[in-house]
Protein chains: 2
Amino acid sequence: MKKKTTIYDIAKELNITVSTVSRALSGFPAISESTRQSVIDVAKRLNYSPNKLASALKSGKTYIVGVIVPSVQAHFFASIIHSIEEGLKDSGYRIILYQSNESVENEIKGVKTLLEAQVDGIMASMSLETNEVSHFQEIINQNKPLILFDRISPKLKVPTVTLNDFRAGFLATQHLIDQGYKRIAFVTTIHQIQIFNDRLEGYREAMKVNNLPVNEAQLIFGGLSIKDGRYGAGRLLRGDNMPDAIIAGDDFTALGVIKKLKEVNLVPPKIGVIGFANEAFSAYITPSLSTVDQHPNQMGQDCAELFLQMIKQDNPYDDIRNVILEPTIVERQSTEL
Amino acid sequence: MKKKTTIYDIAKELNITVSTVSRALSGFPAISESTRQSVIDVAKRLNYSPNKLASALKSGKTYIVGVIVPSVQAHFFASIIHSIEEGLKDSGYRIILYQSNESVENEIKGVKTLLEAQVDGIMASMSLETNEVSHFQEIINQNKPLILFDRISPKLKVPTVTLNDFRAGFLATQHLIDQGYKRIAFVTTIHQIQIFNDRLEGYREAMKVNNLPVNEAQLIFGGLSIKDGRYGAGRLLRGDNMPDAIIAGDDFTALGVIKKLKEVNLVPPKIGVIGFANEAFSAYITPSLSTVDQHPNQMGQDCAELFLQMIKQDNPYDDIRNVILEPTIVERQSTEL
DNA sequence: TTGAAAGCGCTAACAT
DNA sequence: ATGTTAGCGCTTTCAA
């Protein structure tokens, strides 16, 4: 391995100084076209590759944004990440990904790691476990942009991009009611995450305006996963006054619910099932799953925009915007009574 | 925003020098327990957070590994990433993700970006478009570990982790034959990627040892996606001597094939369908999809191990190991004649 | 056990 | 248009 070329090597080669080289390479205007060209030529010949670490250390800007998500395995988050990248790429910002795997501990470690890596800002969606948010506060203290999306906390006064989750819960419920379902159960998470509470409230509201009773025994609080869906459905089947429809906390949970229902020959839409997130598989399972589209691509795009705006301001938290997207119902077979 | 605390602030506070602070913080042995403790106390009090950029610049090690994958949206790659993280975390290495989105151009940009960010090594799975591999050569020239997984190139003499893809193709075919299928078609990619060629060769071999003819008109070379699967199945249906089973290049393609077959009432297993990768949805579609498990978790773990071994050696390319995993057939309804 | 000092590769204010 | 120079925050050799 030959030692890496630096701007000093280029400077020596051309008998000029490093500052000239630096300027030539970074597109500084006040420089003669001929020097610029020769610098670029020599750089190419010596196979020069800039050390962004050094430049970042000096300039204080890494052009890297940290993104923290519960998991990339959910199509929902994968899509958001994709559009964040898309929305950022023209401005030269890159992202570095950190997965919390739904653990606060990992999330705290993530914030720490990203901050130590001197990222220029952080975008995050919280883990299910997250109650306490002081680790995020540190980002704000450093006056670096923090943007929360989807799973946010009201304790943090930062720009956010979310779905109107109350409305999402309302629409999902109203859709079931419109299809003729009446005894509607809800299988959701036990964790105190705002968006899940909002959805539940939306559900209550829809039941109320339609003069339908909410059977509190049919609100199942557990986890969100295929397994939890099976379990939740099982409990509902064993209870009195069986529901005729089930709203599941997300599409994975809905999948578990459906599996359980199939086993006891109550294949949807015999019992209606609707989920949230419009996962990749939801259109392809049988029966296909009705769900609520949360517009991940729009979310990612908005995150990117908010970030770009924040770094333009002298104080990123001068003008805190909270973007709220409207959910869309995706009607499929599982609710097609 | 108060200025960030540095080791100088801590040093001043305690009337010692930065070198002592640095040593105290990095677990240097020859230091008195009392100084170490007071340094740690003050660091905490001043809310010190190390600048890894500076430390990396000086030490030449970022403890970051770049990972390049075609897309995180495929469960297969998401699983690999997850186990790479898992396998690396005890050694203090973090990963930064780069998606090529199946474009060579992006892939080249990815290598460049990661190298400029001074990552300590790179793990990559190539885009479908990649033929020319000189951009990867640069990593080797810098004497940094490069590990290729799944989609590799024989042009690069580096450690690899792959599936025995010849065997995968063979087993998939043999499975169909064992189920009683005889006229077996293959829908795969037009791109010259080794693993896809190997699978095709495995298929040919299995047909041969079973004395079954290969109908060259029933080898469809196109893309790999739901859309491509539909298209491929369509072409096969319109041809003479319709196949009684179809091997699809991956599970997404298989999904497209199944959708098309359902439309014409040839629901698998009436026509057998098998895919590759055991995607998340494959168990849940109807009929559930038989597929080839490529052991992504094992792959990720092996990548991490190879990397850890490479950085331990003085020359990372001293002892090039090529790990080959054995595929496993996952039998489901789509081939259950 | 601790200190002094050089320097990683780059940028940018100031000077010419 | 180009040069000089002082760091960014840290690690590490050498000396004490």
Side-chain angles (χ1 to χ4, degrees), chain A residues 1-40 42-43 46-64 92 115-120 142 144, chain B residues 1-40 42-43 46-64 92 115-120 142 144:
Chain A
M1 165 180 61
K2 6 170 214 304
K3 259 180 93 65
K4 282 202 60 181
T5 354
T6 71
I7 50 174
Y8 280 90
D9 301 320
I10 302 178
K12 201 177 298 168
E13 190 87 5
L14 289 166
N15 270 316
I16 55 179
T17 59
V18 286
S19 26
T20 309
V21 176
S22 171
R23 287 191 273 253
L25 256 21
S26 61
F28 190 77
I31 206 169
S32 81
E33 191 45 50
S34 67
T35 18
R36 183 199 309 290
Q37 199 48 58
S38 45
V39 166
I40 291 176
V42 174
L46 297 185
N47 198 18
Y48 171 73
S49 162
N51 185 331
K52 295 279 164 128
L53 246 45
S55 123
L57 178 60
K58 178 66 196 175
S59 70
K61 294 177 74 41
T62 54
Y63 288 95
I64 293 179
L115 247 20
E116 291 181 356
Q118 312 299 121
V119 294
D120 289 348
Q142 293 194 13
K144 288 187 173 172
Chain B
M1 165 180 62
K2 8 170 212 310
K3 260 179 92 63
K4 282 201 59 180
T5 343
T6 71
I7 50 173
Y8 280 89
D9 302 319
I10 302 178
K12 201 177 297 168
E13 190 87 4
L14 289 167
N15 270 316
I16 55 179
T17 59
V18 286
S19 20
T20 308
V21 176
S22 171
R23 286 192 272 253
L25 256 20
S26 62
F28 190 78
I31 205 167
S32 80
E33 193 45 50
S34 67
T35 16
R36 181 197 313 288
Q37 199 49 56
S38 44
V39 166
I40 290 174
V42 174
L46 297 186
N47 199 16
Y48 171 74
S49 162
N51 185 332
K52 294 280 164 133
L53 246 44
S55 121
L57 179 60
K58 180 65 196 173
S59 69
K61 295 178 72 43
T62 54
Y63 287 96
I64 294 179
L115 247 21
E116 290 181 357
Q118 311 300 118
V119 295
D120 289 348
Q142 294 194 13
K144 287 186 173 171

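Being a predicted model, the structure only gives us computed values, none of them experimental. By convention in this document, chain letters (A, B, ...) are assigned in the order of the sequence lines, proteins followed by strands, and residues within each chain are numbered from 1.
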Please report the interatomic distance [atom1]([X]) to [atom2]([Y]), rounded to the nearest 0.5 Å.
X      : Y     : atom1 : atom2 : result
A:Q142 : B:N47 : CD    : CG    : 8.0 Å
B:S49  : B:L46 : OG    : CG    : 12.5 Å
A:L14  : A:K12 : CG    : NZ    : 12.5 Å

Spacing of [X] atom [atom1] relative to [N] atom [atom2], expressed in whole Å:
X     : N      : atom1 : atom2 : answer
A:L25 : C:dG9  : CG    : P     : 15 Å
B:L57 : D:dT12 : CG    : P     : 12 Å
A:Y63 : C:dC10 : OH    : P     : 16 Å
B:K61 : D:dC10 : NZ    : P     : 19 Å
B:I7  : D:dT11 : CD1   : P     : 6 Å
A:L53 : C:dC8  : CG    : C1'   : 10 Å
A:L14 : D:dA1  : CG    : C1'   : 15 Å
B:Y8  : D:dG7  : OH    : C1'   : 10 Å

Given [N], is OP1 or OP2 found less than 4.0 Å from the side-chain N or O atoms of [X]?
X     : N      : result
A:Y48 : C:dC10 : yes
B:S26 : D:dT11 : no
B:S55 : D:dC10 : no
B:T17 : C:dG3  : yes
B:T35 : C:dT1  : no
B:S19 : C:dA5  : no
A:T20 : D:dG3  : yes

Are the side chains of [Y] and [X] in contact, using a 4.5 Å heavy-atom criterion?
X     : Y     : answer
A:Y48 : A:V42 : no
B:Q37 : B:I40 : yes
B:T62 : B:K52 : no

For DNA chain C, what is the dot-bracket line, given that a base pair needs Watson-Crick (N1 to N3, plus N6-O4 or O6-N4) or G-U wobble (N1-O2 and O6-N3) geometry with both distances under 3.5 Å, and | means paired with another strand?
-> ||||||||||||||||
Give a yes-or-no answer on whether the side chains of A:T17 and A:T20 include a donor-acceptor pair shorter than 3.5 Å.
-> yes
Heavy atoms under 4.0 Å, any strand shown: does [X] hit a base, just sugar-phosphate, or nothing?
X     : answer
A:I31 : sugar-phosphate
B:T6  : sugar-phosphate
A:I16 : sugar-phosphate
B:S22 : base

Of D:dT13, C:dT1, C:dC10, the nucleotide closest to the side chain of B:R23 is D:dT13
Heavy-atom donor-acceptor pair, A:K58 side-chain to D:dG7 base, under 3.5 Å = yes
What heavy-atom pair brings B:D120 and B:K61 nearest, and what distance separates the two atoms?
-> OD1-CA, 3.7 Å
